[in-house]
Amino acid sequence: DDDARSDAVDTVRVNTAPLASIITPVATDLVPAGSPVDLRVEVSDDEQTMSELVVTCYIDAASQQVSEGSPTDDGVYEDTFTAPQVGGSYTFTCSVTDGADGQTDVSVTFGVNTAPGAPVVAITPESPATTDSLTVEVTQPAADPDRASDQLTQTITWLRDGEVTEYTDATVPAEATEKGQVWSVEVFASDGLVDGSLGVAEVTIQNTMPVAPEVAIAPSELTVADTATCEIITDGEDIDGDELVLTYFWSLNGEALDE
């Protein structure tokens, strides 16, 4: 029959690229430099199973790959990567491929925070006695590449012979110290996210000169027949608590006597 005809129909299957969404890190995140960062990507694909999908994640450039693997059966890919060591803004990209020329790229931008550096500190006076208060001076503030120094908070810890004390201000009172003790101070700056390195200084409490006794010669009016005697009117004292040893020196008309 000339009117008879047949129609041939070909069905072409078009592959659809996977769908993907980065859950973490979040675009507003500011993470410490060199710290572990949790990674979570949720994916879906109508044509391929999850085991056929490959998730590849990198920072700024494909050459800086930080993670690769397949999602679980419920479409979740999780891992941990290390944040860059240098502070700044970074683009984090995950590429999801399905092995059939389907690919989806998703990205977020997150920040990396750099810890403050160590301040340079000194204790004054450099050679303190028991009568001196100790004061820490920051001769060079901690540097922070992410913010100004006045945006940092400072923490002070005083140690006595290596043990932490209750003093956390810039000054330790003189009455808290004793001869021979080693006092050190540790100072660090914080940006609210991470603490910086320690600035450290140390001094040793020196010996304090004793207060001389008050003395008098008796009798007050000497004759050649008298024996001169040194009398202690008021004892000497030593603030360090050391036992005092008295040494006597006699002179006649300004010239020292042998005895």
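- Taking hydrophobic clusters as Ile, Leu, Val, Met, Phe, Trp and Tyr residues chained together by side-chain heavy-atom distances below 4.5 Å, Val55 shares a cluster with Val37.
- Asp242 CG to Glu237 CD: the interatomic distance, rounded to the nearest 0.5 Å, is 12.5 Å.
- The ring pair (Phe, Tyr, Trp, His ring centres under 6.0 Å) contacts involving residues 63-100 comprise Phe81-Phe92, where partners must be two or more places apart or lie in separate chains.
- Nearest heavy atoms, Pro210 versus Asp238: CB-OD1, 3.5 Å.
- Hydrophobic clustering, with ILVMFWY side chains joined whenever heavy atoms are under 4.5 angstrom apart, keeps Tyr58 apart from Ile22.
- In plain terms, the two heavy atoms of Ile217 and Trp250 that are nearest each other are CD1-CZ3, 4.0 Å.
- Val76 and Glu78 make their closest contact through CG1-CG, 3.6 Å (heavy atoms, listed as atom of the first residue, atom of the second, distance).
- Counting only distance, with no hydrogens or angles, the side chain of Glu52 and the backbone of Thr49 share a donor-acceptor pair below 3.5 Å.
- Results of the side-chain contact (heavy atoms from CB on, under 4.5 Å) test with Val54 over Thr97, Val96, Asp98 single out Thr97 as the only residue that passes.
- In the hydrophobic cluster analysis, where Ile, Leu, Val, Met, Phe, Trp and Tyr join through side-chain heavy atoms closer than 4.5 angstrom, Tyr167 is grouped together with Val121.
- Residues Asn113 and Leu193 form a side-chain contact, since some pair of their non-hydrogen atoms from C-beta on lies under 4.5 Å apart.
- In this structure, CG on Asp132 lies 12.5 Å from CD1 on Ile123, to the nearest 0.5 angstrom.
- Follow the hydrophobic side-chain contacts under 4.5 Å out from Val203 and you reach Val138 in the same cluster.
- A pairwise comparison of heavy atoms in Gly236 and Pro213 identifies N-CB, 3.4 Å as the closest pair.
- Counting heavy atoms of neighbouring residues, nucleotides and ligands inside a 6.0 Å radius, atom CG of Asp226 exceeds 12 of them.
- At a threshold of 4.5 Å between non-hydrogen side-chain atoms, the residues Ile156 and Val185 count as touching.
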task = Starting from the C-alpha separation in whole Å, work towards a yes-or-no answer on side-chain contact (heavy atoms from CB on, under 4.5 Å) for Ile232 and Leu246.
result = CA-CA 10 Å; Ile232 307 298; Leu246 299 180; 4.1 Å; yes

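- How far CD of Gln154 is from OG1 of Thr168: 11.5 Å, rounded to the nearest 0.5 Å.
- Residues Val43 and Pro18 fail the side-chain proximity criterion, which asks for heavy atoms closer than 4.5 Å.
- In the displayed structure, Asp74 atom CG is contacted under 6.0 Å by more than 12 heavy atoms of other residues, nucleotides or ligands.
- Following chains of ILVMFWY side-chain contacts shorter than 4.5 Å, one cannot reach Phe110 starting from Leu30, and the two form parts of different hydrophobic clusters.
- Formation of a donor-acceptor pair under 3.5 Å by the Ser190 side chain with backbone atoms of Thr153 is not found in this model.
- A donor-acceptor pair under 3.5 Å is absent between the side-chain atoms of Asp38 and the main chain of Thr80, judged by distance alone.
- A 4.5 Å side-chain heavy-atom check between Pro116 and Phe188 finds every atom pair outside the cut-off.
- Between the CG atom of Asp161 and the CH2 atom of Trp183 there is a distance of 8.5 Å, given to the nearest 0.5 Å.
- For the pair Thr208 and Thr130, the tightest heavy-atom approach, listed with the atom from each and the gap, is OG1-N, 3.4 Å.
- A donor-acceptor pair under 3.5 Å is formed between the side chain of Thr24 and the backbone N or O of Arg40.
- Atom OG1 in Thr204 sits 13.0 Å away from atom CG in Asn207 (nearest 0.5 Å).
- Of all non-hydrogen atoms in Ser35 and Pro32, the two that sit nearest each other are OG-O, 2.7 Å.
- For the pair Val108/Pro25, a side-chain contact is recorded, criterion being any heavy-atom separation below 4.5 Å from C-beta on.
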message = Would Ser70 and Met50 count as a side-chain contact (heavy atoms from CB on, under 4.5 Å) here? Give the steps.
response = CA-CA 7 Å; Ser70 295; Met50 292 296 102; over 6 Å; no

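- A donor-acceptor pair is defined here as one N or O able to donate and one able to accept, closer than 3.5 Å; no such pair exists between the side chain of Thr114 and the backbone of Asp144.
- A distance-only check finds no donor-acceptor pair linking the side chain of Thr165 to the backbone of Arg160 [under 3.5 Å].
- In this structure, Asp105 CG and Cys94 SG are separated by 9.5 Å, a value rounded to the nearest 0.5 Å.
- Heavy-atom neighbours of Glu166 CD from other residues, nucleotides or ligands within 6.0 Å: above the threshold of 12.
- Looking at heavy atoms from C-beta onward, Pro128 lies out of side-chain contact with Thr177 at the 4.5 angstrom threshold.
- The side-chain heavy atoms of Ile205 and Glu178, taken from C-beta on, include no pair separated by under 4.5 Å.
- A donor-acceptor contact shorter than 3.5 Å links the side chain of Glu47 to the backbone of Thr16.
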